[in-house]
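Step one of this worksheet: look at the structure below.
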There are 2 protein chains.
Amino acid sequence: MRRNVNAEGSWASIHAMSLPHAILGVLEARPMTGYELCRFFDGTARWVWTAPQSQIYPLLRKLEAEGWIEGEEQVRGERLKRTNYSLTAAGMDELRRWLGEPHAEPAVRDGLLLKSLFFDLADPDEAAQVLEQHVAELRERIEQWSAHRTALLARDTPLLKERLDHRPAETHERIARLKAHAFDHLIDQAELRIRWCEQTRELLHAPVTTPEAAARA
Amino acid sequence: MRRNVNAEGSWASIHAMSLPHAILGVLEARPMTGYELCRFFDGTARWVWTAPQSQIYPLLRKLEAEGWIEGEEQVRGERLKRTNYSLTAAGMDELRRWLGEPHAEPAVRDGLLLKSLFFDLADPDEAAQVLEQHVAELRERIEQWSAHRTALLARDTPLLKERLDHRPAETHERIARLKAHAFDHLIDQAELRIRWCEQTRELLHAPVTTPEAAARA
DNA sequence: ACATACATGTAAATGGTTACATGATTTA
DNA sequence: TAAATCATGTAACCATTTACATGTATGT
């Protein structure tokens, strides 16, 4: 993640922060207003990266100061200025640089796994309920991811269409497949996790055995 | 995650913060000093939850103020006080309460997946290298998780031994299996991710096809 | 004696969340 | 004309990370 200290002193550190590049990547499809980006990171793409308004608006000004995006000022009503941001050449360079930069996988920090580590102290039925509720949530996510995956493969999402409009036709198949494959992983991960939850439930309700009985079995 | 506002005003919010309960869970095995906990969260258990000293020491004072742990003061050298923290009955109650509380899965925020979403803009060889390096890192983690899993099943980790010392013998098998199963999931997850990386590499280097050729295939 | 491990903290910055605030435009 | 959506921000807080600071006990 090693990003150089820049003149203004922004971004001196080596963090996993990906939102700036997520924004650059989205703007590669087409220019957008802050509001559109807000909806995007709270809606369509919620399941790859999420961000609230309060994070996006200040970031946009930062990215513009960096020269990676450019806002086009428009007069609205009497005095409101509305800015439409587009990716600059420098922004595209930065996006490509980030893509080639090694990925620093953050340390595992999984609240449910942590909980499961101490499930022997809990009421088995309560623990099982925690797992069941989690499985239900995962199934919902899978449904939405699957729908998005299908749409991507059919090149039927608004953003992908706009993106493909300025890319050679012979690359379209590859682009759609690559994007869909990210969602493949989200789906497979969630399905793996559902199986793990079910196995954990079995362990919770397994009959208590003495060490001798376990050795015999 | 809904935690009540307490008299002193600490922890009013609804965050996914699990470190306090991770500490309570570790102290259930036996009393520890802050330093031991630091080593633990930076060493043995690194792959379930991680935390630096600067987070642990202040938290310990907070947890003691809350009444969940109790520090035993000891004179060291001339004036240094060393405190050995143990879980209180109230701490055990809080741990059990947390275990039964529904798990709030955080929004997906996967830097590598995000990157892969834009890999069509990158040099395929550079992108493949990012994936290869990630696979290497995952393989290392798998090795360490596997070793820990095996040790848990053999009831051969220092902490598990101490934990089992104050639990009925007929529960030992279940406890060891439950703990090992958390590491099963970490391993399976990483293996799934390795397969995804390899599939992504294939997609990166797949021959470019025209829509017509793709339709024919 | 010197290095390493033991032991405990503080300070500053970052990324992210929640809540608050405001006004314009469109639609029912 | 009222509600919903468009549009843009600020303030405060929390968890986490990095870096800094200090002193003791132990083993070589």
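A, B, ... follow the sequence lines: proteins, then strands. Residue 1 opens every chain. The model shown is predicted, which means the values in this text are computed figures rather than measured ones.
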Find the distance [X]:[atom1] to [N]:[atom2] and express it as a whole number of Å.
{"X": "A:Leu60", "N": "C:dG15", "atom1": "CG", "atom2": "C1'", "answer": "16 Å"}
{"X": "B:Ile56", "N": "C:dA7", "atom1": "CD1", "atom2": "C1'", "answer": "13 Å"}
{"X": "B:Leu19", "N": "D:dT16", "atom1": "CG", "atom2": "P", "answer": "6 Å"}
{"X": "A:Leu59", "N": "D:dT8", "atom1": "CG", "atom2": "P", "answer": "15 Å"}
{"X": "B:Glu64", "N": "C:dT8", "atom1": "CD", "atom2": "C1'", "answer": "14 Å"}
{"X": "A:Tyr57", "N": "C:dT18", "atom1": "OH", "atom2": "P", "answer": "18 Å"}
{"X": "B:Met17", "N": "C:dG16", "atom1": "CE", "atom2": "P", "answer": "18 Å"}
{"X": "A:Asp42", "N": "C:dT18", "atom1": "CG", "atom2": "P", "answer": "11 Å"}

Got a sec, which residues hit side-chain contact (heavy atoms from CB on, under 4.5 Å) with B:Pro158, two or more places apart in sequence or on another chain?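 Expected list: none.
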State whether [X] and [Y] are salt-bridged, where the test is any N-O pair (Lys NZ or Arg NE/NH1/NH2 against Asp/Glu carboxylate O) under 4.0 Å.
{"X": "A:Arg201", "Y": "A:Glu198", "result": "no"}
{"X": "A:Arg139", "Y": "A:Glu143", "result": "no"}
{"X": "B:Arg61", "Y": "B:Glu64", "result": "no"}
{"X": "A:Asp120", "Y": "B:Arg163", "result": "no"}

Quick check for you: to the nearest 0.5 Å, what is the distance between A:Leu114 atom CG and A:Leu117 atom CG?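 Those atoms lie 6.5 Å apart.
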Among the nucleotides C:dG16, D:dT8, C:dT18, whichever has the atom closest to the side chain of A:Trp49 is C:dG16
Of C:dG9, C:dG16, D:dA15, the nucleotide closest to the side chain of B:Arg109 is C:dG16
Phosphate OP1/OP2 of D:dA15: any B:Gln55 side-chain N/O under 4.0 Å: no
In this structure, which one of A:Arg30, A:Arg167, A:Arg155 forms a salt bridge (Lys or Arg N to Asp or Glu O under 4.0 Å) with A:Glu162? A:Arg30
Mapping B:Gln53 and A:Pro52 onto DNA chain C by nearest heavy atom, which one lands closer to the 5' end?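 The residue closer to the strand's 5' end, by nearest nucleotide, is B:Gln53.
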Here's a test of your reading of the structure: between B:Pro58 and B:Ala107, which maps to the more 5' nucleotide of DNA chain C? B:Pro58
Is the [X] ring parallel, tilted or perpendicular to the [Y] ring (thresholds 30°, 60°)?
{"X": "A:Trp98", "Y": "A:His21", "answer": "parallel"}
{"X": "A:Phe183", "Y": "A:His148", "answer": "perpendicular"}
{"X": "A:His181", "Y": "B:Trp196", "answer": "parallel"}

Given Watson-Crick and G-U pairs under 3.5 Å, DNA chain C in dot-bracket ([ ] crossing, | other strand) is ||||||||||||||||||||||||||||
Has the side chain of A:Ser54 got a donor or acceptor atom sitting under 3.5 Å from an opposite partner on the base of C:dT18? yes
Under 3.5 Å, which N/O atoms of the protein pair with N/O atoms of nucleotides 3-5 of chain C?
none

How is B:Glu36 classified with respect to the nucleic acid when contacts are heavy atoms under 4.0 Å: base, sugar-phosphate, or nothing? nothing
